[in-house]
Amino acid sequence: MNNLKTILVISGPTASGKTKLALNICREKNGEIISADSRQVYKYLDTGTNKEGVLRHNGQSFVRVIDGIPQYLTDIINPDQKYSAADFVRDAGLKIEEITKKGKIPVVAGGTGLYIKALLYGLDEMPQADEKLRLKLAEKPAEELYKQLLKSDPEAAEKNKNNPQRLLRALEVNILSGKTMKEHFKDKTQRYAFKHYSIAVDNEILYKRINERCEEMIENGMIEETEKVLHFGFKQDCAGLSGIGYRHIIKYLNGEISKETMLEEFSKDTRHYAKRQNTWFKAQSDTEFLKFS
RNA sequence: GCCGAGGUAGCUCAGUCGGUAGAGCAACGGUCUGAAAAACCGUGUGUCGGCAGUUCGAUUCUGCCCCUCGGCA
């Protein structure tokens, strides 16, 4: 266990400057970036997920390159495909191997806290998502899911009483494995030799930056980008287009809200998102905070 | 200048037949194991425009003043 691969991790809320910091570190330490971002994985969703750099042809695939530095795990699936923390752990693991083999340092940078945690400590052995079962369970009201789960996994049922999504997952795990959530949990050890830096920015400054950036994103063609993806044939409610901003733009395009309201809601949801990210990273004990203002 | 409406939380407003006030949004705190840009849980932060009067007690009633928004000039 003492030959763990060395990686660096940069986290932080949206608009905190993670990519910029990651690029500087890559230059200094001969590194390459692995994006830990549940939205940048989607092809065609560029402006709205704050991708930087350009896609370059690289043998059989495309790789995003920012100022000469490769950034992996962006643009890997279509907007109607699903991606999960488990997918990320697998894909990032492979990229870490590749980058390390080249003699470079993998720099994992992104704002999806669960992905980072799952990568660093692993996910427990558990049944994967079962779409058919989920569809069946989703027909039932949350109240019924709760009652059903109460019989087989009361702890998870109580904990997620008002949370349909989590009730459903706990029930899914229980039905497929016969075990409770907790019975799957094991003690965790680090899977990498890592340093985890998290960027902290004062909310007042961060929120102002978010408001400005949302406006810029609209000006920079995010509406057209959404229309383009819809013209490709992807549905309005597909996974990729359900992200912040895209879902607001779709409401606007459907005539349900004004452009002004769309921008307000877009900014608001982004601020709320940044707050949740802050709460998550604050709670991580392996993190060293870099205070920026 | 006159007439009308109004001034209560960061914003929009409700309310108190007189006993120091509450909704939505914002903000703040938290949860988190294959949907995580998701899905949830919790918290009211206030010179009730100012001054005086009546009253045991005024944000509420009365008077004056200040401010805002309409309309008429």
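Lettering follows sequence order; numbering is per chain, from 1. Side chains included, hydrogens not; waters and symmetry mates left out as well; all remaining heavy atoms used.
Look at A:K268 and you'll find a side-chain N or O under 4.0 angstrom from OP1 or OP2 of B:A26. Contact check, A:K282 against B:G30: a side-chain N or O comes under 4.0 Å of OP1 or OP2.
A salt bridge does not link A:E212 with A:R209: none of the charged nitrogens is closer than 4.0 Å to a carboxylate oxygen. At a threshold of 4.0 Å, the pair A:K188-A:D124 counts as salt-bridged, since one of the basic side-chain nitrogens sits closer than that to a carboxylate oxygen. Under a 4.0 Å N-O distance rule, the pair A:K186/A:E125 does not qualify as a salt bridge. A salt bridge does not link A:E265 with A:R247: every distance from a Lys NZ or Arg NE/NH1/NH2 to an Asp or Glu carboxylate oxygen is 4.0 Å or more.
Annotated as anti: B:G18, whose O4'-C1'-N torsion sits more than 90° from 0.
Across the C1' atoms, B:U20 and B:A38 are found 43 Å apart, a figure rounded to whole Å. When the P atom is used for both B:C66 and B:C51, the distance is 15 Å, rounded to whole Å. Taking atom C1' in both B:U59 and B:G15, the straight-line distance is 10 Å, to the nearest Å. For the C1' atoms, the distance linking B:A14 with B:G6 amounts to 14 Å, nearest Å. A gap of 23 Å separates the P atoms of B:U55 and B:C48, to the nearest Å. Here, B:A37 and B:A21 have their C1' atoms 38 Å apart, quoted to the whole Å. Taking the P atoms as reference points, B:A5 lies 30 Å from B:G24, given to the whole Å. Taking atom P on both nucleotides, B:U31 is separated from B:U12 by 34 Å, rounded to a whole Å.
A:L55 belongs to a hydrophobic cluster whose remaining members, ordered by chain and number, are A:F62; membership requires side-chain heavy atoms of ILVMFWY residues under 4.5 Å apart, directly or through intermediates. Using a 4.5 Å cut-off between side-chain heavy atoms of Ile, Leu, Val, Met, Phe, Trp and Tyr, A:L137 falls into a hydrophobic cluster with A:L133, A:L145, A:Y146, A:L149, A:L150, A:L167, A:L168, A:L171, A:I175, A:L176. A:L123 belongs to a hydrophobic cluster with A:V89, counting contacts under 4.5 Å between side-chain heavy atoms of Ile, Leu, Val, Met, Phe, Trp and Tyr, direct or through other members.
In this structure, CG of A:N203 is placed 13 Å from C1' of B:A26, rounded to the nearest angstrom. Between the P atom of B:A26 and the CZ atom of A:R271 lies a distance of 8 Å, rounded to the nearest Å. B:C40 atom P lies 18 Å from atom CD of A:E158, rounded to whole Å. Here the P atom of nucleotide B:G24 and the CD atom of A:E264 are 19 Å apart, to the nearest Å.
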> Could you run down nucleotides 32-38 of chain B 5' to 3' and tag each one B, S or - for protein heavy-atom contact under 4.0 Å?
Replying inline: BBBBBBB
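Scanning RNA chain B for stems, defined as runs of 3 or more consecutive Watson-Crick or G-U wobble pairs whose donor-acceptor distances all fall under 3.5 Å, gives the following ranges: B:1-7 with B:66-72, B:10-13 with B:22-25, B:27-31 with B:39-43, B:49-53 with B:61-65.
Only one option out of A:R64, A:Q40, A:K43 pairs with A:D75 in a side chain to side chain donor-acceptor pair (under 3.5 Å); it is A:R64.
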Under 3.5 Å donor-acceptor pairs involving side-chain atoms of residues 107-115 of chain A, not counting sequence neighbours:
residue : atom : partner : partner atom : Å
A:T112  : OG1  : A:S38   : N            : 2.9

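A donor-acceptor pair shorter than 3.5 Å cannot be found between the side chains of A:S61 and A:N58.
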